[in-house]
There are 2 protein chains.
Amino acid sequence: MDEKDTKILKILMEEGRKPFTEIAKELNTSESSIRKRIKKMESCGIIKGYNVIVEPNKIGYGVVALTGFDTIPEDFLHVANELCKYEEVKKVYTTTGDHMIMTEIWAKDGRELSEIIFNKIGRIEGIKKVCPAIILEQMK
Amino acid sequence: MDEKDTKILKILMEEGRKPFTEIAKELNTSESSIRKRIKKMESCGIIKGYNVIVEPNKIGYGVVALTGFDTIPEDFLHVANELCKYEEVKKVYTTTGDHMIMTEIWAKDGRELSEIIFNKIGRIEGIKKVCPAIILEQMK
DNA sequence: TTTGAAAATTGGCCTAA
DNA sequence: TTAGGCCAATTTTCAAA
């Protein structure tokens with residue numbers, strides 16, 4: 001990881017599908033250099049992958065909620081693992097602070113969110129409290 | 001948006017740089033069909049972009065914190081806009097629930113996180129309370 | 001959907017630091 | 001030994017018809 005790698009990552013963070021040749025042009029270097037650096041970052045785990053950024057509203061997910069979960073300590077890992085299994089649960093973090101587990105949950109609407117949180121997920125053994133915060137706007 | 005588009009998105013969410021030809025093979029259709037569908041989703045805003053997924057630990061960001069901010073109502077938008085300006089603040093959401101603003105902040109270590117949160121960001125007019133939750137592990 | 005040209009990717013091999 | 005340069009074969013993209 002030197003400055004050139006950092007610049008490559010910055011470009012890919014903005015535009016993950018940009019061709020290596022264009023990145024090379026932009027950084028005034030050769031395509032092979034860029035390519036080999038990217039491959040290296042991929043193989044050593046700096047780059048974990050690439051993904052598409054989707055606007056949830058436009059595909060019928062009108063509600064996205066950052067949802068914290070409190071659990072009894074013994075069930076903490078079990079709950080986190082269970083949460084990962086749900087399609088609607090897009091991200092799962094274990095954290096310090098108010099909640100031990102933080103998630104991002106996508107739902108069609110408020111009704112479905114409540115269904116997911118209280119009926120489906122709420123059934124997981126060990127959950128003490130659920131704290132959903134609906135995202136109003138993603139500003140960055 | 002039909003079922004085929006949904007399948008394409010699902011594939012790209014896993015592997016954002018997968019060539020159209022491969023997606024086509026996987027879905028038993030032609031490359032040009034896939035490409036035109038993707039272009040359409042891009043132009044109508046369903047696809048907002050593509051990005052690289054970086055492991056922050058491996059590039060010197062040892063600490064990532066989901067950080068909530070409480071503000072006085074009048075300064076709410078001002079604070080959110082200011083937060084967007086910081087390089088270390090990777091994501092900014094306005095939300096319902098405990099905090100009006102939720103962010104994701106990357107820092108080298110605890111010391112730097114505290115520096116960012118309390119010295120740099122803490123200076124923004126209107127912030128009443130800052131609630132950082134350090135991510136221990138991303139499980140999904 | 002098919003087709004063909006242009007562009008990008010890949011792998012191998014080479015040199016230089 | 002590692003990063004980068006070069007070339008040729010393959011694959012992918014893209015815009016026609």
Side-chain angles (χ1 to χ4, degrees), chain A residues 1-61 87 90 106 138 140, chain B residues 1-64 87-88 90 106-109 112 138 140:
Chain A
M1 276 300 295
D2 57 9
E3 204 193 331
K4 193 173 266 185
D5 284 332
T6 309
K7 283 184 182 170
I8 293 172
L9 286 184
K10 193 165 283 179
I11 290 172
L12 286 176
M13 286 202 265
E14 302 284 317
E15 217 181 320
R17 252 188 116 97
K18 179 171 272 204
F20 301 159
T21 48
E22 279 186 43
I23 299 173
K25 258 183 242 165
E26 203 166 314
L27 300 181
N28 284 314
T29 174
S30 73
E31 180 272 339
S32 72
S33 158
I34 297 291
R35 190 175 86 230
K36 278 162 192 172
R37 282 170 175 273
I38 289 175
K39 291 296 161 206
K40 197 181 201 177
M41 288 193 280
E42 283 170 0
S43 62
C44 78
I46 290 176
I47 291 178
K48 290 195 290 182
Y50 303 86
N51 62 13
V52 65
I53 308 164
V54 173
E55 174 59 49
N57 292 301
K58 299 226 175 186
I59 57 168
Y61 291 101
E87 160 110 17
K90 299 293 180 183
W106 291 19
Q138 174 161 14
K140 186 173 180 179
Chain B
M1 275 301 294
D2 57 9
E3 205 194 329
K4 196 171 264 181
D5 284 333
T6 308
K7 283 184 183 169
I8 295 172
L9 285 184
K10 194 166 280 178
I11 291 172
L12 285 176
M13 288 202 268
E14 302 285 315
E15 219 180 317
R17 251 188 117 96
K18 180 171 272 204
F20 302 157
T21 47
E22 278 186 44
I23 298 172
K25 255 183 248 166
E26 206 164 313
L27 300 182
N28 285 313
T29 174
S30 73
E31 179 269 339
S32 68
S33 153
I34 297 291
R35 186 157 42 82
K36 278 165 191 169
R37 281 168 175 276
I38 289 175
K39 291 297 164 206
K40 197 174 190 185
M41 289 193 279
E42 284 170 0
S43 61
C44 78
I46 291 176
I47 291 179
K48 291 195 290 184
Y50 303 87
N51 62 12
V52 65
I53 308 163
V54 172
E55 174 60 52
N57 293 302
K58 298 225 176 184
I59 58 168
Y61 291 101
V63 177
V64 177
E87 160 108 19
E88 301 93 335
K90 301 291 180 186
W106 291 20
K108 276 213 304 285
D109 51 34
E112 194 188 274
Q138 175 162 11
K140 184 172 181 181

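Letters go in sequence order (proteins before strands), and every chain restarts at 1. As a basis for the values below, the full set of heavy atoms in this structure was taken, side chains included, without hydrogen atoms, waters or symmetry mates.
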- Ile47(A) versus Leu9(A): any side-chain heavy-atom pair under 4.5 Å? yes
- Task: Go through the structure and list residues passing side chain to side chain donor-acceptor pair (under 3.5 Å) with Asp5(B), not counting sequence neighbours.
- Result: Arg37(B)
- Query: So, Glu87(B) and Lys10(A), do they make that salt bridge, N to O below 4.0 Å?
  - Reply: yes
- Query: Taking CD1 from Ile34(B) and P from dT12(D), how many angstroms apart are they, rounded to a whole number?
  - Reply: 13 Å
- Message: Distance check needed: dA3(D) P versus Ile8(A) CD1, whole Å only.
- Response: 12 Å
- side chain to side chain donor-acceptor pair (under 3.5 Å) partners for Lys108(B), two or more places apart: Glu112(B)
- Query: Looking at Lys25(A) and Glu22(A), does any basic side-chain N land under 4.0 Å from a carboxylate oxygen?
  - Reply: no
- Within 45° cone of Tyr50(B) ring axis and under 6.0 Å: Arg17(A) NZ or CZ: yes
Return the polar atom pairs (N/O with N/O) between nucleotides 13-17 of chain D and the protein under 3.5 Å, or none.
{"residue": "dT13(D)", "atom": "OP1", "partner": "Arg17(A)", "partner atom": "NH2", "Å": "3.4"}
{"residue": "dT13(D)", "atom": "OP2", "partner": "Phe20(B)", "partner atom": "N", "Å": "2.9"}
{"residue": "dT13(D)", "atom": "OP2", "partner": "Thr21(B)", "partner atom": "N", "Å": "3.4"}

- Message: Run the ring pair (Phe, Tyr, Trp, His ring centres under 6.0 Å) test against Tyr61(B) and tell me which residues pass, sequence neighbours left out.
- Response: Trp106(B)
- Message: From CG of Asp5(A) over to P of dT2(D), roughly how many Å is that when rounded to an integer?
- Response: 15 Å
- Query: Nearest-Å distance, CD1 (Ile23(A)) to C1' (dA7(C))?
  - Reply: 15 Å
- Task: Could I get the full list of salt bridge (charged side-chain N to carboxylate O under 4.0 Å, His left out) partners for Glu26(A), not counting sequence neighbours?
- Result: Lys18(A)
- Task: Check DNA chain D against residues 44-51 of chain A and give the residues with a non-hydrogen atom under 4.0 Å, in numerical order.
- Result: none
- Please report, rounded to the nearest Å, how far the C1' atom of dT9(C) is from the CD1 atom of Ile38(A). 12 Å
